[in-house]
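First listed ligand is number 1; within each ligand, the first listed atom is number 1. Note that the structure is predicted; figures quoted are calculated from it, not measured.
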Amino acid sequence: MDRTIYQNGQGNGAGVKAQTATTNQARPARSTMQSEYIWLDGELVPFERATVHFLNPTLHYGPGVFEGIRCYATARGPAVFRLREHLERFLASARVLGVTDLPYGLDELRDAICRTVCANGFSECYIRPLMYFDGPLGLNLDAYRPVVAIAAWKWGAYLGQEGLETGVRMMVSSMTRMHPNSSMTKAKISGQYVNSILAKTMAARAGFDEAVMLDPDGYVAECTGENLLLVRDRIIYTTPRAAILEGITRDTVITLARDAGYTVVEERLSRDQLYIADEVFVCGTAAEVAPVREIDYRAIGNGRVGPVTHHLQQLFYSAVRGEHHRSAEWLDYMVMEPMI
Ligand code: PMP
């Protein structure tokens, strides 16, 4: 069978069909997420040993929670950006899902992440904690046993380096973001990401970098893995928190913007407010701060990276690299305590 392999998060819309191949082997392999060790339920194990049996409720039904975190190279060594906030959200996600017996607390998870980054010798990396379940198939969470695993690997810009520099292209998805009463918008629950996968895949196959998702009332919610902000007359607008994931990068950008004297307004936005904005940008841990140059075939502003977005990108990168006055409160330096 002739299969077209679509680029996922690598381009900025120009390369719709990245390559053509005849087998699954041409798809990006898991090996792009390489490391020597993975932390699995209390211990570091070699990468190959971090496997799960297929009779597993998370694999079948999607209960599970995860985080996406970045560790940056700084002058003082590798530092994880806003680790405490990410771990608090991880614990909150488990609580929202209804887990009552998570075997690890914040300090143990922080220690596990530090061990994972240090054991693999990364100076910068992406970090993925996942809580999944062991146990019988069936739909009662109380029959499952929660397990936590943490992987880390080198991961470049999720929406592509070119996208960061010149802006990404997006479409408004025909998929609706879930209603807050049919999903849990404050939790990174694994199965809920099928909604994101449906929207992202259709956008990528149509040649776009990302999809804008509207809420059940038709107002802008967020993207499949990023929050969304727009700029008009130098005022920054973003959607209220009720129906979106409370992004840690969104909070970072809002804080940096207010520090720098910008007004930031949280209010409902319609899709055409995006079309007529001076600037639009998305933000998330994987995507960082990425300008948007086109939505639904309409150029945003003059189709180039706008001055406010550029300024916020600069502030963001100085914060994650330890060069901003906020860095001290936001960076957690990864150093192994010597074993005595
Ligand atoms: N919205 C969704 C749906 C996401 O998956 C993410 C990525 N976690 C974000 C927003 C951005 O969140 P953060 O900045 O905390 O990574």
Side-chain angles (χ1 to χ4, degrees), residues 8-9 62 64-72 80-94 96-97 113 125-131 152 155 157-159 164 168 170 172-173 175-180 182-201 203 209-216 219-230 236 238-257 264 266 269 280-290 292 312-313 315-317 319-320 326 330 332:
N8 183 11
V65 300
F66 67 98
E67 262 309 314
I69 309 173
R70 273 193 193 269
C71 173
Y72 288 91
V80 177
F81 189 64
R82 304 197 70 175
L83 180 54
R84 167 169 282 276
E85 290 85 341
H86 279 284
L87 289 178
E88 281 170 353
R89 189 171 63 185
F90 184 71
L91 297 176
S93 293
V96 168
L97 183 59
I113 284 179
C125 58
Y126 182 82
I127 302 161
R128 167 53 55 86
L130 169 71
M131 185 221 67
W155 205 15
Y158 174 63
L159 295 175
L164 278 185
V168 298
M170 310 203 297
V172 173
S173 181
M175 292 297 303
T176 301
R177 198 80 186 133
M178 288 95 64
H179 188 283
S182 67
S183 76
M184 301 288 188
T185 60
K186 299 296 158 276
K188 284 181 76 73
I189 294 175
S190 303
Q192 290 185 173
Y193 276 78
V194 173
N195 176 259
S196 286
I197 289 170
L198 289 166
K200 173 84 181 189
T201 304
D209 301 298
E210 186 44 294
V212 179
M213 303 202 69
L214 307 181
D215 69 20
Y219 291 91
V220 173
E222 57 191 326
C223 295
T224 64
E226 302 86 23
N227 293 120
L228 210 145
L229 299 93
L230 68 82
I236 300 167
T238 192
T239 51
R241 275 177 280 187
I244 59 167
L245 185 77
E246 294 178 342
I248 291 162
T249 321
R250 175 186 181 277
D251 179 71
T252 301
V253 166
I254 290 174
T255 305
L256 292 171
V264 182
E266 293 181 63
L269 300 169
V280 175
F281 62 96
V282 297
C283 67
T285 300
E288 301 180 314
V289 178
V292 177
L312 292 172
Q313 274 186 313
L315 293 171
F316 174 79
Y317 286 111
V320 299
R326 289 272 182 188
W330 283 343
D332 188 341

At less than 4.0 angstrom from any non-hydrogen atom of G284, what atoms of ligand 1 do you find?
11 (C), 14 (O), 16 (O)

Between T224 and S196 (side chain of the first, backbone of the second, donor and acceptor by atom type, cut-off under 3.5 Å), is there such a pair?
no

To check your reading of the model: name the closest protein heavy atom to atom 14 (O) of ligand 1, its residue, and the distance in Å.
T249 OG1, 2.5 Å

Top protein contact for atom 12 (O) of ligand 1, by heavy-atom distance
G247 CA, 3.4 Å

Has R84 got more than 12 heavy atoms of other residues, nucleotides or ligands less than 6.0 Å from its CZ?
no

Nearest heavy-atom approach of L228 to C223 is CD1-SG, 3.3 Å

Whether R89 side chain and E246 backbone form a donor-acceptor pair below 3.5 Å:
yes

Any N/O of S196 closer than 3.5 Å to an N/O of ligand 1?
no

Heteroatom distance test (E246, ligand 1): nitrogen or oxygen, under 3.5 angstrom
no

Does ligand 1 come near enough to H86 that some N or O of the ligand is less than 3.5 Å from an N or O of the residue?
no

With a 4.0 Å cut-off on heavy atoms, does K188 reach ligand 1?
yes

Just need the protein heavy atom nearest to atom 16 (O) of ligand 1, so name the residue and atom and give the distance.
T285 OG1, 2.7 Å

What protein heavy atom lies closest to atom 5 (O) of ligand 1? Include the residue and the distance to one decimal.
Y193 OH, 2.5 Å

So, does T176 use its side chain to make a donor-acceptor pair with the main chain of P216 at under 3.5 Å?
no

Kindly compute the distance separating OG1 (T252) from CZ (R250), expressed to the nearest 0.5 Å.
11.0 Å

Ion pair D251/R82, N-O distance below 4.0 Å:
yes

What do you reckon, does R177 have a nitrogen or oxygen under 3.5 Å from a nitrogen or oxygen of ligand 1?
no

Assess the pair Y193 and F66: is the distance between their ring centroids shorter than 6.0 Å?
yes

contact_flag R89 ligand 1 heavy-atom lt 4.0 Å
yes

Say whether T224 and ligand 1 are in contact under the criterion: heavy-atom distance to a ligand atom below 4.0 Å.
yes

Do any heavy atoms of G225 fall under 4.0 Å from ligand 1?
yes

Among I69, D251, N227, N195, which residue places a heavy atom closest to atom 11 (C) of ligand 1?
N227

For ligand 1, which atoms sit closer than 4.0 Å to a heavy atom of I248?
13 (P), 14 (O), 15 (O)

Identify the two heavy atoms, one from S93 and one from A187, that lie closest to each other, and give their separation to 0.1 Å.
OG-CA, 3.4 Å

Just need the protein heavy atom nearest to atom 2 (C) of ligand 1, so name the residue and atom and give the distance.
E222 OE1, 3.5 Å

The single option from I244, N227, L230, D215 that satisfies side-chain contact (heavy atoms from CB on, under 4.5 Å) with T239 is I244

